[in-house]
Amino acid sequence: MMHKAGFVNIIGNPNVGKSTLMNAFVGEKLSIITSKAQTTRHRILGIVNGEDFQMILSDTPGIIKPAYQLQESMMDFVKSAFEDADVLIYMVEIGEKELKDETFFKKITSSKIPVLLLLNKIDKSDQKQLEEQVQSWAEKVPNAEIFAISALEGFQVKEVFNRIIELLPDSPPFYPKDQLTDKPERFFVNETIREKILMHYKKEIPYAVEIDTEEFLEEEEIIRMRSVIMVERETQKGIIIGHKGSALKRVGIEARKDLEKFFGKQVHLELYVKVNKNWRSDQRQLKRFGYNQ
Ligand SMILES: Nc1nc2c(ncn2[C@@H]2O[C@H](COP(=O)(O)OP(=O)(O)OP(=O)(O)O)[C@@H](O)[C@H]2O)c(=O)[nH]1
Ligand SMILES: [Mg+2]
């Protein structure tokens with residue numbers, strides 16, 4: 001029997017819906033999704049296995065001009081996604097003008113591999129706007145096949161999926177057929193907590209936070225986890241904890257609920273907050289948190 005397999009890498013501006021699309025394809029919440037830009041910080045694999053195919057999707061951070069070391073590392077993940085792609089998915093959203101980074105944009109328009117340009121969030125547009133934008137993207141990225149989709153509502157998602165399958169090269173699988181991702185369990189604990197922080201705290205707070213899950217002990221009935229929320233300054237620590245610990249408590253309760261769903265098991269989650277000065281600019285620390293490949 002013929003078998004197809006390949007890497008399908010999703011890139012685009014922040015907040016356009018890349019993670020929403022990957023989760024829709026995989027059918028699991030592998031990537032966290034929020035209304036804030038720079039939600040995704042890593043390259044996360046989501047693997048869809050069929051009898052005669054293996055589609056290895058990569059969700060990547062939204063493209064930005066890096067201002068500090070963490071963001072540099074995030075853009076290295078995007079660069080790596082150009083290098084091993086068999087199919088490139090360039091996602092844009094309705095109303096978007098262009099990719100802020102000229103170098104990345106040139107890589108897309110001069111790509112030798114198939115490019116699918118997905119114009120997302122069309123549930124927010126009308127027919128006239130849609131037609132204009134499809135036309136304009138067709139001129140800007142002539143080498144791409146364009147699909148107008150809504151990742152959130154599942155509109156045209158199946159069609160894109162089927163087209164990707166057609167484009168996958170003949171190849172044996174790269175990963176075991178029961179594997180869903182390349183990330184360990186602790187990664188999903190970190191991300192679930194970070195999602196709650198993105199949702200509940202304002203301004204720079206979520207961007208100054210990193211999570212490290214120090215303990216992940218699976219027992220028969222329950223998984224026991226202990227995670228540290230790192231911030232860059234003492235004042236941020238106070239904000240995370242909140243009045244009498246109320247803000248931190250909310251993060252803990254909401255994260256635990258999601259983790260119980262994700263792991264299908266009862267979860268005990270202990271959270272504490274620690275100041276880790278300038279971790280975002282420290283190569284050694286970033287490496288420890290998995291930002292250097
Ligand atoms: N209306 C609408 N909203 C969408 C659609 N797809 C995604 N969104 C919303 O757009 C926001 C960003 O979605 P994400 O999937 O986190 O976007 P992303 O591109 O992964 O963002 P970064 O990781 O920050 O680069 C969320 O609030 C989503 O619910 C869509 O098709 N329609
Ligand atoms: Mg994302």
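Every number for a ligand or one of its atoms is a count from 1 in the order of the listing.
Note: Phe188 and Phe263 fail the aromatic proximity criterion, with ring centroids not under 6.0 Å apart. Phe187 and Phe216 have their aromatic ring centers separated by at least 6.0 angstrom. Taking the six-membered ring for Trp and the full ring otherwise, Phe77 and His42 have centroids separated by under 6.0 Å.
Judged by the 6.0 Å distance and 45° axis criteria, Lys4 is not positioned over the aromatic ring of Phe53.
Atoms of ligand 1 lying under 4.0 Å from at least one heavy atom of Gly62, given by number and element, are 25 (O).
Heavy-atom proximity to atom 20 (O) of ligand 1, evaluated over Ser19, Ser125, Gly154, is greatest for Ser19. Nearest to atom 4 (C) of ligand 1 by heavy atom, out of Glu195, Glu153, Lys121, is Lys121. The residue among Pro61, Pro14, Gly17 with a heavy atom at the shortest distance from atom 17 (O) of ligand 1 is Gly17. For the residues Leu118, Val157, Thr20, the heavy atom positioned nearest atom 14 (P) of ligand 1 is part of Thr20. Nearest-residue assignment for atom 32 (N) of ligand 1 (options Ile63, Ile10, Asp123, Thr39; heavy-atom criterion): Asp123.
Under 3.5 Å, the side chains of Asp212 and Asn190 contain no donor-acceptor pair of N or O atoms.
Ligand 1 has Lys36 within reach: a non-hydrogen atom of the residue lies less than 4.0 Å from it.
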